[in-house]
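Below is one structure; the comments refer to it alone.
Values reported hereafter were calculated over all heavy atoms of this structure, with side chains retained and with hydrogens, waters and symmetry mates removed. Residues: numbered from 1 along the sequence shown.
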Amino acid sequence: MPSDALHYSFIADELNDKLRDGRIEKISMPEKDEIVLGIRSRGMNFSLLISASPMASRCHLTNHKKENPTVAPSFLMHLRKHIGGAKIISVDSPDFERIIRIKLLTRNEMSDEESKLLIAEIMGKYSNIILVGSNGIISDSIRHVGIDTSSKRQVLPGLKYEPAPAQNKLNPTATTESANALAAFPGGDLGAYIIAKFKGLAPSSAQEAVYRALQTTDCPRLTDEQCKKVAKELSALFDKNTVRPCVCERDFYIRPYALFGTQLKFCDSLNVAMDEYFYSRDKAARFAEKSKHLQSLLKNAIARTQKKLSGFIQKQESCKGLETDKLYGELILSNIYRIKTGLKSITVENWYDDNAPVTIELDPQKSPQANAQAYFKRYSKKKKTLEQLAPLIEKTQDELDYYDTVSLSFSLCSENAEIDELSDELERAGLIKRKQSKNKSVKKTLNTSSPLSVVIEGFTVRIGKNNIQNDALTKSAKNTDIWLHTKNIHGSHVIISTNGSTAPETVILGAARLAARYSKAAQSQNVPVDYTLAKYVSKPSGSPPGKVIYTHQSTIYVDPAERLS
């Protein structure tokens, strides 16, 4: 991302325009390496986010709120004590440095005015937030850097603040010097050469200047004219008159970068662009992290249940032949006069099979009666085991089917509220331990999501994306609404709201395609979809979320890939 000194020079200007003469009214610390200053300036409220996160260090205004920890960190308490209520004198950024300096005027314990400096060093893994007193001594920092961490520069309370070592690189706005330096370019990746020689630029900014000048980023040695063109474009990057902040899925920019596509959303300011980009990125990261954790729990549950089902089936297989055991017991009793103790087997006629001869193994240590009883006992044991296994296998298979519906829900969800619903569902299923609140009167509030909704020929069609939505849809449907679901295939519940009128076949066909598209058969063709009136759909008592039974259905076969009419 191009969070270079170039960008922060513009960020600092925007912050200075909006926050100068404002007062810090609130300070919070939602993350261990992030603070938010609540500032009142010129009749407006602003929230300034400063992050020293190695993966997302930044400084910009934000319109998004985060929850704060219940226990205030020591750095937060220090800031509240020393700069709470402070007046902002100015905001600036040193030339070609990824640093934002906020000059403050506050009052000490004797009510005397005292200047302080809040410094945001936005340098990746070396990022820090430092409060410096009027004497240049570090008051405190969000990250302490001792001699064991860095031998070149320590950041500790009580030490004199020393700026990060300056880079011995060239000024990209000095076109003559830039052109002279570019004349020594040996060929190859010019963007990388500029990064090595010039200060204040991210790779994307350097590549943009090269591309605008030469229409390529990989070139041989430069002519004098080309050196001048590239030098001019490097300087033009810092032109405030051409700033046009924008954001796309992959990044944010001070202006449209020709190298990085045209799918851009333009913003009123660079602060807004940064806030939108980082909020979307953080939201996606949190969504992915939470989803990954829940899917891991579900995957483990599926593996355990499959193993349990496999064990039951193996046991069921071992019980096969119970009727043969019963038959052998009966044949031994009917031929007991022919059997003597000590025989290992006997061949008798099987009257159930046209008197075909059958050989029965015997225990020579047992009497004929005892051998018959052994076969009857084995038969009874197998019969009892099968009777016990039948409901266990059915229950375990139902669990797997249910887990399969939840697995499908993960592939359909796209909002944090939907992830919260899935988390709550897994909690109810016992896959996640319920958190016991100390205050029993406080009930857990669940973020609710909305099902998908489309309109086909004037009829509203709603599609559930998880079992909670499916149950809510089916419960809220009117008797005359049409309910659809893929036949014998896990998928979403779909409702056509008819408002008492008759839905045309084309509407039912379109809704059936949606039902197939949001099912396990989404990549198949000729998918069967059942549909019936909602009044014929009911939920069995005690059934898991999403489970229903229905009657009076008709079946239609559709291709999920076909476009809706």
Side-chain angles (χ1 to χ4, degrees), residues 296-408 426 428-431 433 486-490 520-521 524 528 540-551:
S296 178
L297 292 175
L298 180 62
K299 183 179 179 181
N300 292 337
I302 290 174
R304 289 195 304 270
T305 308
Q306 287 176 334
K307 184 178 180 180
K308 182 168 65 172
L309 180 62
S310 178
F312 289 154
I313 292 175
Q314 286 180 6
K315 205 166 187 179
Q316 188 182 53
E317 289 292 321
S318 69
C319 291
K320 284 185 176 179
L322 76 163
E323 294 298 333
T324 300
D325 291 331
K326 181 181 179 183
L327 171 65
Y328 285 180
E330 292 175 348
L331 291 176
I332 290 173
L333 289 179
S334 64
N335 292 276
I336 198 167
Y337 64 92
R338 299 172 52 191
I339 305 173
K340 295 181 179 180
T341 302
L343 291 178
K344 292 183 178 181
S345 65
I346 186 173
T347 301
V348 298
E349 293 79 20
N350 182 3
W351 61 76
Y352 289 110
D353 189 19
D354 294 330
N355 292 322
V358 58
T359 300
I360 304 173
E361 293 183 358
L362 301 172
D363 185 346
Q365 303 295 323
K366 295 180 179 179
S367 66
Q369 294 88 343
N371 271 291
Q373 290 303 316
Y375 275 108
F376 286 132
K377 186 176 181 180
R378 192 183 306 172
Y379 162 75
S380 298
K381 183 177 181 181
K382 288 181 178 180
K383 182 181 179 181
K384 185 177 181 180
T385 299
L386 287 176
E387 289 173 348
Q388 292 174 339
L389 282 174
L392 291 175
I393 290 175
E394 182 180 3
K395 179 182 177 182
T396 307
Q397 187 60 61
D398 286 344
E399 286 180 8
L400 277 178
D401 289 343
Y402 169 64
Y403 291 154
D404 207 19
T405 66
V406 180
S407 180
L408 174 65
L426 294 181
R428 294 180 191 177
L431 300 185
K433 291 184 179 180
T486 44
K487 183 176 183 178
N488 299 326
I489 301 170
H490 297 308
K520 297 284 283 187
S524 304
S541 177
S543 62
K547 178 81 171 180
V548 296
I549 55 176
Y550 55 92
T551 59

(message) Within the structure provided, determine whether Lys344 and Leu362 are in side-chain contact (heavy-atom separation under 4.5 Å).
(response)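 A side-chain contact under 4.5 Å is absent here.
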(request) Compare all side-chain heavy atoms of Gln316 with those of Phe312 and state whether any distance is below 4.5 angstrom. (result)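 The answer is no, as the side chains (C-beta and beyond) never meet within the 4.5 Å cut-off.
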Using atom types as modelled and distance alone, determine if a side-chain donor or acceptor of [X] lies under 3.5 Å from a backbone N or O of [Y].
{"X": "Thr396", "Y": "Leu392", "result": "yes"}
{"X": "Asp363", "Y": "Gln365", "result": "yes"}
{"X": "Asp404", "Y": "Leu400", "result": "no"}
{"X": "Ser310", "Y": "Gln306", "result": "no"}
{"X": "Asn350", "Y": "Tyr352", "result": "yes"}

If you compare all heavy atoms of [X] against all heavy atoms of [Y], which two are closest, and at what distance to 0.1 Å?
{"X": "Lys366", "Y": "Asn371", "answer": "O-ND2, 3.3 Å"}
{"X": "Glu323", "Y": "Tyr379", "answer": "OE2-CE1, 4.0 Å"}
{"X": "Thr341", "Y": "Pro364", "answer": "CG2-O, 3.7 Å"}
{"X": "Ile332", "Y": "Pro368", "answer": "CG2-O, 3.5 Å"}
{"X": "Pro540", "Y": "Ser543", "answer": "O-OG, 2.8 Å"}
{"X": "Leu343", "Y": "Arg338", "answer": "CD1-O, 4.4 Å"}

(message) Please determine whether side-chain contact (heavy atoms from CB on, under 4.5 Å) holds for the pair Tyr375 and Thr324, giving the CA-CA distance in whole Å, both sets of side-chain angles, and the decisive distance to 0.1 Å.
(response) CA-CA 9 Å; Tyr375 275 108; Thr324 300; over 6 Å; no
(request) Evaluate side-chain contact (heavy atoms from CB on, under 4.5 Å) for Glu330 paired with Phe376, printing each intermediate quantity in order. (result) CA-CA 8 Å; Glu330 292 175 348; Phe376 286 132; 3.9 Å; yes
(message) Quick test of your reading of the model: are Lys320 and Glu317 salt-bridged, counting only N-O distances below 4.0 Å?
(response)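 Judged by the 4.0 Å cut-off on N to carboxylate O distance, Lys320 and Glu317 do form a salt bridge.
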Quick one: [atom1] on [X] to [atom2] on [Y], what's the gap to the nearest 0.5 Å?
{"X": "Lys383", "Y": "Thr385", "atom1": "NZ", "atom2": "OG1", "value": "12.0 Å"}
{"X": "Cys319", "Y": "Gln314", "atom1": "SG", "atom2": "CD", "value": "12.0 Å"}
{"X": "Leu322", "Y": "Lys381", "atom1": "CG", "atom2": "NZ", "value": "13.5 Å"}
{"X": "Ile346", "Y": "Ile339", "atom1": "CD1", "atom2": "CD1", "value": "4.0 Å"}
{"X": "Lys547", "Y": "Asp398", "atom1": "NZ", "atom2": "CG", "value": "5.5 Å"}
{"X": "His490", "Y": "Ser407", "atom1": "NE2", "atom2": "OG", "value": "9.5 Å"}

Count the heavy atoms belonging to other residues, nucleotides or ligands that lie under 6.0 Å from [atom1] of [X], then report whether that count exceeds 12.
{"X": "Gln369", "atom1": "CD", "result": "yes"}
{"X": "Asp353", "atom1": "CG", "result": "yes"}
{"X": "Asn488", "atom1": "CG", "result": "no"}

(request) Take Arg304 and Lys308 through the side-chain contact (heavy atoms from CB on, under 4.5 Å) test and state the conclusion after the steps. (result) CA-CA 6 Å; Arg304 289 195 304 270; Lys308 182 168 65 172; over 6 Å; no
(request) Let me see the working for Tyr403 and Thr305 under side-chain contact (heavy atoms from CB on, under 4.5 Å), right down to the final yes or no. (result) CA-CA 9 Å; Tyr403 291 154; Thr305 308; 3.3 Å; yes
(request) Report the C-alpha distance between Thr359 and Thr347 in whole Å, list the side-chain angles of each, state the deciding distance to 0.1 Å, and finish with yes or no for side-chain hydrogen bond (donor to acceptor under 3.5 Å, both in side chains). (result) CA-CA 4 Å; Thr359 300; Thr347 301; 2.9 Å; yes
